[in-house]
Amino acid sequence: MKFSEKKNLYDRIFEAVRLIPAGSVAIYGQIAHLVGCSPRVVGYAMHSVSAEDDVPWQRVINSKGKISFPEGSEGYDEQKAILKAEGIVFDEMRKIDLKKFGWEGLL
DNA sequence: AGGTTGACAAAGG
DNA sequence: GCCTTTGCCAACC
């Protein structure tokens with residue numbers, strides 16, 4: 001029994017994202033694998049998340065280790081601020097070192 | 001009911 | 001290392 005698969009797919013994705021510990025980040029593909037669907041759906045679900053939801057969507061980034069928002073946008077700035085507050089470090093290219101902060105999942 | 005879109009990923013050129 | 005193509009699956013129009 002992994003997650004509440006009785007719920008909708010989005011809810012499963014949200015739960016998976018909630019499992020990400022502070023100070024770590026996960027890529028879409030990882031979440032997708034956890035819930036058993038394609039990364040696109042994860043991205044769509046993230047966009048569907050509301051501020052009222054208790055989902056740390058900011059800890060979910062793309063496989064390049066970068067924030068999936070266009071730089072200079074509100075979402076980008078906010079997400080970067082939160083991640084920095086959680087201890088995530090950005091390099092010169094504004095990328096996150098997945099070697100250190102990459103979430104190992106349920107490993 | 002059907003076509004398009006999407007905060008993506010992996011492989012190929 | 002960058003751009004293009006393919007796969008992917010659910011939500012949205």
Side-chain angles (χ1 to χ4, degrees):
Chain A
M1 164 108 189
K2 323 155 192 186
F3 299 101
S4 313
E5 48 182 86
K6 286 181 173 283
K7 295 181 172 184
N8 295 326
L9 181 60
Y10 274 35
D11 290 324
R12 279 188 288 172
I13 295 174
F14 295 157
E15 286 193 42
V17 174
R18 279 178 209 146
L19 294 177
I20 305 173
S24 299
V25 293
I27 65 177
Y28 289 94
Q30 177 134 27
I31 301 299
H33 186 71
L34 277 169
V35 300
C37 69
S38 68
R40 293 199 107 100
V41 180
V42 178
Y44 214 104
M46 294 297 99
H47 200 243
S48 181
V49 165
S50 302
E52 307 302 305
D53 294 320
D54 188 36
V55 178
W57 55 271
Q58 55 268 10
R59 293 178 195 154
V60 183
I61 58 178
N62 57 20
S63 63
K64 297 162 215 155
K66 287 167 70 173
I67 297 174
S68 305
F69 278 112
E71 300 181 10
S73 191
E74 281 182 54
Y76 183 88
D77 189 57
E78 182 180 324
Q79 182 167 9
K80 180 168 63 66
I82 297 172
L83 291 177
K84 282 182 66 177
E86 303 228 324
I88 305 297
V89 178
F90 290 77
D91 63 8
E92 310 82 39
M93 295 173 88
R94 311 230 186 127
K95 291 193 307 192
I96 298 173
D97 191 342
L98 294 174
K99 298 282 190 183
K100 296 174 181 162
F101 305 106
W103 182 41
E104 299 297 332
L106 305 176
L107 183 61

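Within every chain, numbering begins at 1; the chains are lettered A, B, ... in the order of the sequence lines, protein sequences first and strands thereafter. Predicted, not measured: the structure shown is a model, and the values here were computed from it.
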Are A:Val60 and A:Tyr76 connected into the same hydrophobic cluster when the rule is that any two of I, L, V, M, F, W, Y join if their side-chain heavy atoms are below 4.5 Å apart?
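Yes, one cluster joins them.
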
Whole angstroms only, please: what is the [atom1]-[atom2] distance between [X] and [N]?
X: A:Tyr44; N: B:dG6; atom1: OH; atom2: P; result: 8 Å
X: A:Ile20; N: B:dA7; atom1: CD1; atom2: C1'; result: 13 Å
X: A:Ile13; N: B:dA7; atom1: CD1; atom2: P; result: 14 Å
X: A:Glu74; N: B:dA7; atom1: CD; atom2: P; result: 16 Å

What do you reckon, is CD of A:Glu71 surrounded by more than 12 foreign heavy atoms closer than 6.0 Å?
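Buried by this count: over 12 neighbours within 6.0 Å.
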
C1' spacing across the pair C:dG7 / B:dG6, given as an integer number of angstrom:
14 Å

Taking atom C1' in both C:dC12 and B:dA1, compute the distance separating them and give it to the nearest angstrom.
14 Å

Pick out which of A:Ile67, A:Ile20, A:Ile96 makes a side chain to side chain contact (heavy atoms under 4.5 Å, CB included) with A:Val25.
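Single side chain to side chain contact (heavy atoms under 4.5 Å, CB included) partner of A:Val25 among A:Ile67, A:Ile20, A:Ile96: A:Ile96.
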
Just verifying a value: how many Å separate [X] [atom1] and [Y] [atom2], rounded to the nearest 0.5 Å?
X: A:Asp97; Y: A:Phe90; atom1: CG; atom2: CZ; result: 12.0 Å
X: A:Asp53; Y: A:Asp11; atom1: CG; atom2: CG; result: 9.0 Å
X: A:Ile27; Y: A:Ser63; atom1: CD1; atom2: OG; result: 6.0 Å
X: A:Leu83; Y: A:Glu78; atom1: CG; atom2: CD; result: 10.5 Å

Closer than 3.5 angstrom, by distance alone: can the side chain of A:Glu86 be matched with the main-chain N or O of A:Ala22 as a donor-acceptor pair?
no

Would you find a donor on one side and an acceptor on the other, under 3.5 Å apart, between the side chain of A:Asn8 and the backbone of A:Tyr10?
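A pair under 3.5 Å: no.
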
With a 4.5 Å cut-off on side-chain heavy atoms, are A:Ile13 and A:Val55 touching?
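Contact flag for A:Val55/A:Ile13 side chains = no.
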
Residues in contact with DNA chain B, drawn from residues 81-91 of chain A - heavy-atom cutoff 4.0 Å:
none

By a strict heavy-atom criterion of less than 4.0 Å, which residues belonging to residues 52-67 of chain A are in contact with DNA chain B?
A:Trp57, A:Asn62, A:Ser63

Contacts of A:Ser38 and A:Ile27 projected onto DNA chain B by closest heavy atom; the upstream (5') one is A:Ser38

Extract, from 5' to 3' on DNA chain C, the first and final nucleotides lying under 4.0 angstrom from some heavy atom of chain A.
C:dG7 to C:dC12

Residue mapping more 5' on DNA chain C - nearest nucleotide basis, A:Ser48 or A:Pro39
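Taking each residue's closest nucleotide, the earlier one in sequence belongs to A:Pro39.
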
Can you label the angle between the A:Phe69 ring and the A:Trp57 ring as parallel, tilted or perpendicular, going by 30° and 60°?
perpendicular

